[in-house]
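Both backbone and side-chain heavy atoms feed into the values below; hydrogens, waters and symmetry mates do not. Remember, predicted model here, so these are calculated numbers, not experimental data. Within every chain, numbering begins at 1; the chains are lettered A, B, ... in the order of the sequence lines, protein sequences first and strands thereafter.
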Amino acid sequence: MSISSIAFSNEIRKAVLKMVFEANASHIGGALSMTDLLAVLYSEILNINPKNPLDESRDRFLLSKGHACTGLYAALALKGFFDLKELDSYSKNGSMLLSHTNHKAPGVELSTGSLGHALPVACGIALAAKRKNKAFKTYCLLSDGELDEGSNWEAILFAPQHRLNNLIAIVDYNKIQSFGLVKEVLDLDPLNRKFESFNWNVIEIDGHNHDQIFEAFGKAKANLIKPSVIIAHTVKGKGVDFMENKLLWHYKSPSLEQYRQALEQLNSQ
Amino acid sequence: MKKFTYTEKKDTRSGFGAGLLDIGKKNPNVVALCADLTGSLKMDAFEKEFPERFIQCGIAEANMIGVAAGLTIGGKIPFTGTFANFSTGRVYDQIRQSVAYSNKNVKICASHAGLTLGEDGATHQILEDIGLMKMLPGMTVICPCDYNQTKAATIALEKHVGPAYLRFGRPAVPNFTDAATPFEIGKAQILTEGKDVSIFATGHLVWKAIEACEILEAKGISCELINIHTIKPLDEKAILASVRKTKCVVTAEEHQRNGGLGDSIAQLLSKEFPVPIEMVAVNDSFGESGTPSELMTKYGIDTPNVVSAVEKVLMRK
């Protein structure tokens, strides 16, 4: 189980690096911090069919941190939702792969970019599923920084009220936001207790350990009473040593030399 | 001119409540969301009849718009209900990204719009909502004139596909349109034909414009009055046909001049058929507390203002 998802995560990282480098784009740090979560979701957890991306019974995955779209685009292309060659068009004029997550790409459920939007939408989808007695689950991956947005806390209040036990939120808790440490900008700690006090089922894991990620989704799905949140402790820029835990790599794009160096590291993993 | 009468005054928000109940009975996919203003929006009857299709969101409008966008899966048609300022300005980014750009079939229904909210004052009297909503690509914007028409518009929205904004209000106003009159989104309603001036009015100002037409008729001025209940998409054909005949225009609305119906019509005419135009609207100002009637007089959107706008535009013809 884990071996294949680990290999998958490495492929995602390489594709992310290439996209960001070639487009001279931003947000590589936050794409790399969530890659292992995406890899386990897309290889082991989500019930989805690349040949029928709009299948009504599919699980729904919403990426709320829309700026980290390179990770999602890579995962979808590698799973066969669209041609891998499409990734070369990322961020270019006319591409369906806009530099914030775009619903025109097959497999993308919702356009995101402005933060704090997807969890409310995920609540609506989960509520519709319950009302229609559909078994699918709704997953929503958020950044830590975007938990500054009040709209998320409206949704965090709403989900337990409506007993959305089919909703699983994941927080990519890499501790660094746009221009500073989360602790310094607007501290979230104790995040687990905040969610617990809002009546969520809270699961806390190392967001790079594939066994822990896999088990966390199992626990979340098994909870029949509450919505679940997986607080995944992650490292911004994970997988490339000079990007790890560095604020700089929220916005910076790698130079050719840095690109080669990073690729070499990923190829040897 | 054609005579208009009414047997009772009714609030347009009750027309929304009645229409919502009606389509709720017809279509099990209709769901309603409210941000703790069930009574004010007249959504109580729907809630009572279909508790499983009524979603109480609490005073959390941003989440409500997102939940509505999410609920559209599988053909559900969500109607959100709260006051107009909380339906638009407060949640503009949610509507822009999760509803309009994502092309979700969400119906944003907004009461207590404009100055006629009355005593609650400036914080609640949004006069910018039409502008905010009409700027969004793909958004339909409807502002019906009375109870019957608000009910008909709500019913019409059940069949309409795509994001839409329905604006209505709080006070009891003359209910003069015929309940049997068909309502077609995007189709202007010619109330009375005339030859000297075209008056395009929307919402509560339609009745004020009728009163103005009667006063002007007594002065020998023949007005053509057209109810623009759909501000977007604008019925350009009907507007141009009227203006080609009368060659001058007055617009009337309970909204800021900037961004309102007058703006849309001026834009059309400047491109297709430039003629003198006068706009009866709020002139770059916030409201205040007062009765609806006091405020309409003070802010220049009452019957006499329509009369004087017509007299002025005729001088410029």
Side-chain angles (χ1 to χ4, degrees), chain A residues 54-62 64 66 98 100-105 108-134 136 138-140 142 146 149-164 166-167 198, chain B residues 24 27-36 50-80 82 86-87 89-108 136-138 162-163:
Chain A
L54 296 178
D55 182 351
E56 274 207 28
S57 64
R58 73 191 184 279
D59 285 333
R60 267 64 169 186
F61 173 75
L62 282 69
S64 194
L98 274 67
H100 284 87
T101 305
N102 192 272
H103 67 280
K104 287 166 189 164
V108 174
E109 299 285 350
L110 182 74
S111 285
T112 49
S114 179
L115 296 170
H117 285 222
L119 192 58
V121 178
C123 284
I125 296 172
L127 185 59
K130 285 183 79 76
R131 297 282 163 96
K132 290 160 82 86
N133 291 318
K134 300 280 183 189
F136 71 80
T138 302
Y139 299 81
C140 182
L142 302 100
E146 76 168 309
E149 297 282 5
S151 52
N152 282 320
W153 295 96
E154 293 183 3
I156 293 165
L157 264 176
F158 180 90
Q161 175 79 17
H162 292 270
R163 296 177 182 81
L164 301 181
N166 53 352
L167 173 67
F198 277 66
Chain B
N27 186 345
N29 277 329
V30 170
V31 294
L33 299 89
C34 191
D36 196 23
F50 308 109
E52 78 292 353
R53 286 197 268 143
F54 179 81
I55 297 139
Q56 178 55 262
C57 295
I59 311 166
E61 296 83 3
N63 183 59
M64 178 171 74
I65 296 296
V67 169
L71 278 169
T72 56
I73 63 162
K76 289 237 180 290
I77 311 168
F79 285 68
T80 66
T82 185
F86 311 143
S87 291
R90 187 179 183 92
V91 292
Y92 197 62
D93 193 36
Q94 276 73 24
I95 296 173
R96 182 176 177 274
Q97 180 169 289
S98 296
V99 177
Y101 182 55
S102 301
N103 194 27
K104 301 287 189 195
N105 191 24
V106 174
K107 312 305 181 192
I108 300 158
L136 290 170

Of the non-hydrogen atoms in [X] and [Y], which two are nearest, and what is the gap between them?
X	Y	result
G70(B)	I125(A)	O-CG1, 3.4 Å
A128(A)	I73(B)	CB-CG1, 3.9 Å
A62(B)	P120(A)	O-CB, 4.4 Å
N63(B)	E154(A)	N-OE1, 2.7 Å

Subject >> Region of R53(B) that comes under 4.5 Å of a non-hydrogen atom in chain A >> reply: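 Only the backbone of R53(B) comes within 4.5 Å of chain A.
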
Original post:
With distance as the sole test, does K132(A) use its side chain to make a donor-acceptor pair with the main-chain N or O of G74(B) at under 3.5 Å?
Top reply: yes

Original post:
For H117(A), does its backbone N or O pair with a side-chain atom of Q97(B) as donor and acceptor, under 3.5 Å?
Top reply: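 Not at all, since once roles are kept as given, no pair shorter than 3.5 Å links the two residues.
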
Is [X] close to chain B through its backbone or its side chain, or both, or neither, when contacts mean heavy atoms under 4.5 Å?
X	result
T112(A)	both
E149(A)	neither
N152(A)	neither
K104(A)	side chain

Subject >> Heavy-atom check, side chain of N103(B) versus side chain of H103(A), under 4.5 Å >> reply: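 N103(B) does not reach H103(A) side chain to side chain.
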
So with a 6.0 Å cut-off around [atom1] of [X], is the heavy-atom count from everything else above 12?
X	atom1	answer
R90(B)	CZ	no
R58(A)	CZ	yes
K134(A)	NZ	no

Subject >> All pairs passing salt bridge (charged side-chain N to carboxylate O under 4.0 Å, His left out) where residues 113-122 of chain A contributes a residue, at least two apart >> reply: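 As it turns out, there is no salt bridge (charged side-chain N to carboxylate O under 4.0 Å, His left out) pair with a partner in residues 113-122 of chain A once direct neighbours are skipped.
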
Original post:
Are H162(A) and I55(B) close enough, and set up right, to give a side-chain contact (heavy atoms from CB on, under 4.5 Å), and what steps lead you there?
Top reply: CA-CA 9 Å; H162(A) 292 270; I55(B) 297 139; 3.9 Å; yes

Original post:
Top residue by heavy-atom pair count (under 4.5 Å) with chain A, among G66(B), C57(B), S98(B), A68(B)?
Top reply: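 Most heavy-atom pairs within the cutoff with chain A belong to G66(B).
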
